[in-house]
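Quick caveat, the model's predicted, so the values are computed rather than measured. For this chain, numbers begin at 1 and follow the sequence in order.
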Amino acid sequence: KLLHAELSGSPAARRVAGALPLAVTMSRWGDEYYGSAGLVIPEDSSARELMEVGEIAWWTPGKALCVFFGPTPASTDERPRAASGVLPIGRVTGGIDALPALGSHVKAVFRTA
């Protein structure tokens, strides 16, 4: 499945963009995929837990990219919630509807268009 996304101009997003392409094995946690990309990106004041459907984030402790597409086990309503603070770095702009049908693990390649 092909998804399209846009990265923000945040420091974390610029660091991820500079490391592309990235091949990441991602695990599913509720309606979130996350996987270690091995980058070292420091946490900053933009970290938050409550996310929106389609947001892409960086999880500093796991050195991981996260893609949110619905509620997670940490959610208290229909909105995605990260297990701990994540740095928002972008948003899926097309193809997110394909994610719920995928399995517990996916191999993802993040690259420039």
Side-chain angles (χ1 to χ4, degrees):
K1 306 292 180 196
L2 183 63
L3 277 68
H4 296 275
E6 293 179 352
L7 294 178
S8 69
S10 72
R14 288 194 307 270
R15 177 70 180 94
V16 169
L20 296 177
L22 290 168
V24 181
T25 299
M26 304 187 91
S27 299
R28 189 167 176 170
W29 187 60
D31 285 350
E32 172 194 348
Y33 277 108
Y34 69 96
S36 178
L39 303 174
V40 176
I41 300 175
E43 191 161 309
D44 62 35
S45 62
S46 72
R48 58 184 160 90
E49 292 179 12
L50 192 57
M51 305 302 291
E52 297 295 327
V53 169
E55 276 194 287
I56 302 168
W58 181 259
W59 183 45
T60 299
K63 299 179 182 172
L65 283 164
C66 307
V67 180
F68 296 90
F69 56 99
T72 68
S75 294
T76 57
D77 56 26
E78 73 284 351
R79 295 175 295 177
R81 182 177 291 275
S84 61
V86 294
L87 305 175
I89 63 168
R91 162 170 305 287
V92 175
T93 58
I96 195 143
D97 294 342
L99 293 182
L102 300 179
S104 60
H105 293 83
V106 296
K107 292 192 187 285
V109 177
F110 294 83
R111 58 186 161 101
T112 57

Next item on the list: Keeping the roles fixed (side chain from Ser46, backbone from Leu87), state whether a donor-acceptor pair exists under 3.5 Å.
Entry: no
Next item on the list: List the steps and the verdict of side-chain contact (heavy atoms from CB on, under 4.5 Å) for Leu39 and Lys63.
Entry: CA-CA 6 Å; Leu39 303 174; Lys63 299 179 182 172; 5.9 Å; no
Next item on the list: Look at the side-chain heavy atoms of Ile, Leu, Val, Met, Phe, Trp and Tyr, link any pair under 4.5 Å apart, and say whether Val92 and Leu50 land in one connected group.
Entry: no
Notebook entry, point to check: For Val53, does its backbone N or O pair with a side-chain atom of Arg91 as donor and acceptor, under 3.5 Å?
Noted result: yes
Next item on the list: Would you name the heavy atoms of Met51 and Ala57 that are closest together and state the gap between them?
Entry: CE-CB, 3.9 Å
Item checked: From Leu20 atom CG to Leu7 atom CG, the distance as rounded to the nearest 0.5 Å -> 6.5 Å
Checklist line | Shortest non-hydrogen contact between Ala5 and Thr93, atoms and distance | finding: N-OG1, 3.7 Å
Check: Any donor and acceptor pair, going by atom type alone, linking the side chain of Ser8 with main-chain N or O of Ile89 inside 3.5 Å?
Finding: yes
Check: Same hydrophobic cluster for Leu65 and Tyr33, using side-chain heavy-atom links shorter than 4.5 Å among ILVMFWY?
Finding: yes
Next item on the list: Specify the closest pair of heavy atoms between Arg81 and Ser75, including all atoms of both residues, with the distance to one decimal.
Entry: N-OG, 3.4 Å
Notebook entry, point to check: Is the backbone N or O of Val16 less than 3.5 Å from a side-chain atom of Arg14, with the two atoms forming a donor-acceptor pair by type?
Noted result: no
Next item on the list: Grab the two heavy atoms, one from Cys66 and one from Val86, that are nearest each other, plus how far apart they are.
Entry: SG-CG1, 4.5 Å
Note to self: What I'd like to find out is whether the side chain of Glu32 reaches to under 4.5 Å of the side chain of Pro80, using heavy atoms alone.
What the structure shows: no
Next item on the list: Give, for atom CG of Leu102 and atom CE of Met26, the distance between the pair rounded to the nearest 0.5 Å.
Entry: 11.0 Å
Note to self: With rounding to the nearest 0.5 angstrom, report the NE2 to CD distance, His4 to Glu6.
What the structure shows: 11.0 Å
Check: So, Ser27 side chain and Tyr34 main chain: donor-acceptor pair closer than 3.5 Å or not?
Finding: no
Notebook entry, point to check: Between Gly54 and Ile96, what is the shortest heavy-atom contact and its length?
Noted result: CA-CD1, 3.3 Å
Note to self: In this structure, would Phe68 and Phe110 fall into the same cluster of hydrophobic residues linked by side-chain contacts under 4.5 Å?
What the structure shows: no
Checklist line | Inter-residue atom distance Glu52.CD - Arg79.CZ, 0.5 Å rounding | finding: 7.0 Å
Margin query: Membership question, hydrophobic clusters at under 4.5 Å side-chain separation (ILVMFWY): are Leu99 and Trp29 in the same one?
Written below: no
Next item on the list: Rounded to the nearest 0.5 Å, what's the gap from OG1 on Thr60 to CG on Asp44? Could you check?
Entry: 7.5 Å
Next item on the list: Say whether, by atom type as modelled, one donor and one acceptor occur between the side chain of Arg28 and the main chain of Pro100 under 3.5 angstrom.
Entry: yes
Margin query: Count I, L, V, M, F, W, Y as connected when their side-chain heavy atoms are under 4.5 Å apart, and connections chain through other members. Are Leu22 and Trp59 then in the same cluster?
Written below: no
Note to self: Can you give me the closest heavy-atom contact between Glu49 and Ala83, atom names plus distance?
What the structure shows: OE2-O, 4.4 Å
